Amino acid sequence: MPESAARITIEKAGSHAGELVEIAGWLYNLRKSGKIAFPLLRDGTGILQCVAVKSSLDEAVFESLRNLTQESSLIVRGRIRAEPRAPGGYELDVEGAEVVQRVPEATPYPITPKDHGTDFLMDHRHLWLRSKRQHAIIRVRHEVIRAIREYFDTNGFTLVDTPIFTPAACEGTTTLFEVDYFNDEKVYLTQSGQLYNEANAMAFGKVYCFGPTFRAEKSKTRRHLTEFWMVEPEMAYATLDDVKQVAEELIVFVVGRVLENRRVELEALERDVSKLECVKAPFPRISYDEAVETLRKKGSAIEWGGDFGGTDETLLSEDYDRPVMVDRYPSQIKAFYFQPDPVRPELALGVDVLAPEGYGEVIGGGQRIHDLELLEKRLDEHNLPREAFEWYLDLRRYGSVPHGGFGMGVERFVAWMCGLEHIRETIAYPRMLYRIRP
RNA sequence: UCCUCAGUAGCUCAAUGGUAGAGCAUUCGGCUGUUAACCGAAGGGUUGUAGGUUCGAGUCCUACCUGAGGAGCCA
């Protein structure tokens, strides 16, 4: 190219109106007439309509653009101009173009602008990510993760990541992925960083871990992945009420950030943002007892002592315009480490936060047992091997204090933000019961 | 693991038990303002696999494979 032009991104095109610029990207789509062509250029930050006019372009350049194939990579040089007829309000008058790689006609880009089925799209997930909708979802995910980190980083939490290979289970062993370690030893992919988090909280006060977790559940629903990302805060000297407070603040903060910074993406997803604008403190707080009563009035078959099904969660949350917090579940349906309620010891000081619009449980947590004898008793009741938990019991021997925390599933949160039907679109390469490729 | 539904061209879908078709994509031709552009033409098929019923099966029956939706379990 003879004259140098500043390389810009499409996201910033509006602020370069009238300037000669260069954009490097891929051909999203092409509309053409005989002597004028409209290549839609995609660069990862947005999509820009370019205008190539035969009479004002080098013949070879015009022909190369006019016959370009979908998703070919190219660098375009030209002038940005405000144009009401163009999608996005701006377009680029092409003065020069260099095709970096031309997609051959014999092997055209498989994802056309028309409809495709789920199976086909999932098989082409590596290419599907280039589509507008998937692009918007992943950018919302990034915003959610960034906001989560910022919330904890600015509120006195220290990031202490927990191991992914673990020797024992937090909960049952049926939902663990087993891995061959050295010397014929079996280890498991983590289900939760919680036990380690508790140790870290005794060292740092307030901590969080953030990483992938794995569940070998044979769940085949729109809310499940076998590999998903979870953020887990844990706080020393904290009670159930403190846990609820942090959960509420976190959700309000993250939703606020998404609304503030990802309007364009939410619009592309046709998300009803008024639903998200309702998410303000305080969240309604109800007890498990009240929840069961409400559900039975609504016709659910749930009995006291049972856990909620997916439809129960939807029934519970439909009365509220913001997340609802349900606490004090029967201990029998909760993990061994939950602190019992001092007034009614058959209840666990645990809380679940149910997102509105049927998005279900996005947070689960509570206060942990800090008494050594009680914890030992619970390990026995759950038939868990004492020796594997010796280090965990140490936390109750050396300066034990009331403490608690929770886990928040990133993908369910993103699905809620984006208003998605299925969780599989919230992560670049979803891992599900029957799908581990690409 | 269980229940329900679906598998036909590269993709999305049609086709009373009786000659397998359309749109998109691809190729060729046309068009100077297109908005998933449009108009004309061409190529493209072992109807998921294996059996069975029938004069005749994409269509009916059985088994299996693959996928989707739901249940249980969970974030």
Side-chain angles (χ1 to χ4, degrees), chain A residues 28-40 47 49-57 62 66-67 69-71 83-89 91 93 103-124 127-128 131-132 170-172 174-176 191-194 212-232 247 301 306-313 333-335 352-355 359-365 406-416 421-424 426-427 432-435:
Chain A
Y28 189 74
N29 197 5
L30 176 66
R31 293 184 279 266
K32 63 188 175 185
S33 292
K35 297 184 178 74
I36 185 167
F38 301 92
L40 268 72
I47 296 171
Q49 172 161 295
C50 302
V51 186
V53 178
K54 184 174 186 177
S55 56
S56 59
L57 264 179
F62 181 77
R66 209 182 79 91
N67 295 313
T69 44
Q70 194 189 353
E71 285 300 323
E83 171 56 70
R85 285 174 295 185
E91 61 185 23
D93 289 316
V103 175
E105 284 85 354
T107 55
Y109 187 70
I111 303 178
T112 67
K114 294 281 182 179
D115 291 333
H116 298 285
T118 303
D119 188 31
F120 178 79
L121 289 170
M122 290 304 293
D123 284 344
H124 294 83
L127 303 177
W128 190 21
S131 305
K132 259 187 222 167
C170 225
E171 284 133 62
T174 52
T175 59
L176 288 167
Q191 274 189 320
S192 162
Q194 193 209 305
T213 50
F214 307 86
R215 305 269 169 102
E217 291 156 7
K218 297 212 165 173
S219 305
K220 190 177 157 1
T221 81
R222 65 184 68 189
R223 297 216 297 266
H224 286 86
L225 296 168
T226 54
E227 176 185 315
F228 65 97
W229 284 65
M230 186 156 71
V231 60
E232 295 175 274
D307 213 343
F308 305 137
T311 46
D312 289 328
E313 289 181 353
I333 55 168
K334 286 289 173 184
D352 284 353
V353 182
L354 307 180
Y359 283 95
E361 187 184 342
V362 288
I363 281 181
F406 62 85
M408 183 169 90
V410 168
E411 286 76 15
R412 281 193 187 171
F413 200 96
V414 174
W416 170 36
E421 280 290 304
H422 201 295
I423 200 167
R424 64 183 158 228
T426 62
I427 185 166
M432 297 179 292
L433 182 52
Y434 296 121
R435 196 175 281 281

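In what follows, chains are A, B, ... by sequence order, proteins preceding strands, each numbered from 1. The structure presented is a predicted model; accordingly, all values stated were derived computationally and were not measured.
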May I ask which nucleotide in the shown strands pairs with [N], Watson-Crick or G-U wobble, both distances under 3.5 Å?
N	answer
B/rA50	B/rU62
B/rG43	none
B/rG33	none
B/rU19	none
B/rG69	B/rC3

With heavy atoms under 4.0 Å as the rule, sort [X] into base, sugar-phosphate or nothing.
X	value
A/E232	nothing
A/I111	nothing
A/F228	base
A/D352	nothing
A/H124	nothing
A/H224	base
A/F413	nothing

With distance as the sole criterion, do the side chain of A/S219 and the base of B/rC74 form a donor-acceptor contact below 3.5 Å?
no
How long is the line joining [atom1] of [X] and [atom2] of [N], in whole Å?
X	N	atom1	atom2	value
A/F214	B/rC74	CZ	C1'	16 Å
A/L40	B/rG33	CG	C1'	13 Å
A/K32	B/rU32	NZ	C1'	14 Å

Please tell me which of the listed nucleotides, [options], lies nearest to the side chain of [X]?
X	options	answer
A/R223	B/rU32, B/rU12, B/rC74	B/rC74
A/S33	B/rU32, B/rA75, B/rU34	B/rU32
A/Q49	B/rU32, B/rG33, B/rA75	B/rG33
A/V53	B/rC31, B/rA68, B/rU32	B/rU32
A/T118	B/rG33, B/rA68, B/rA71	B/rA68
A/E91	B/rC11, B/rG33, B/rC73	B/rG33
A/T221	B/rG69, B/rA36, B/rA71	B/rA71
A/R435	B/rC73, B/rG67, B/rC11	B/rG67

With a 4.5 Å cut-off on side-chain heavy atoms, are [Y] and [X] touching?
X	Y	result
A/F228	A/V410	no
A/R424	A/T118	yes
A/Q191	A/T213	no

When you compare the side chains of A/R31 and A/Q49, does any donor N or O come within less than 3.5 Å of an acceptor on the partner?
yes
Earlier contact from the 5' end, RNA chain B, for A/G117 and A/K54:
A/G117
Sorted by position of nearest nucleotide on RNA chain B, 5' first, the leading residue of A/T69 and A/P110 is A/P110
Contacts under 3.5 Å, N or O only, protein and nucleotides 20-25 of chain B:
none

When the C1' atoms of B/rU59 and B/rA36 are compared, how many Å lie between them, rounded to an integer?
33 Å
Using a cut-off of under 3.5 Å, enumerate the N/O to N/O pairs linking the protein to nucleotides 40-45 of chain B.
none

Can you label the angle between the A/F120 ring and the A/H124 ring as parallel, tilted or perpendicular, going by 30° and 60°?
tilted
Looking at A/R66, I'd like to know whether one of its side-chain N or O atoms comes within less than 4.0 Å of OP1 or OP2 on B/rU32.
no
With respect to the phosphate group of B/rA68, does any side-chain polar atom (N or O) of A/H422 fall under 4.0 Å of OP1 or OP2?
no
Taking A/Q70 for its side chain and A/I111 for its backbone only, find out whether a donor-acceptor pair lies under 3.5 Å.
yes
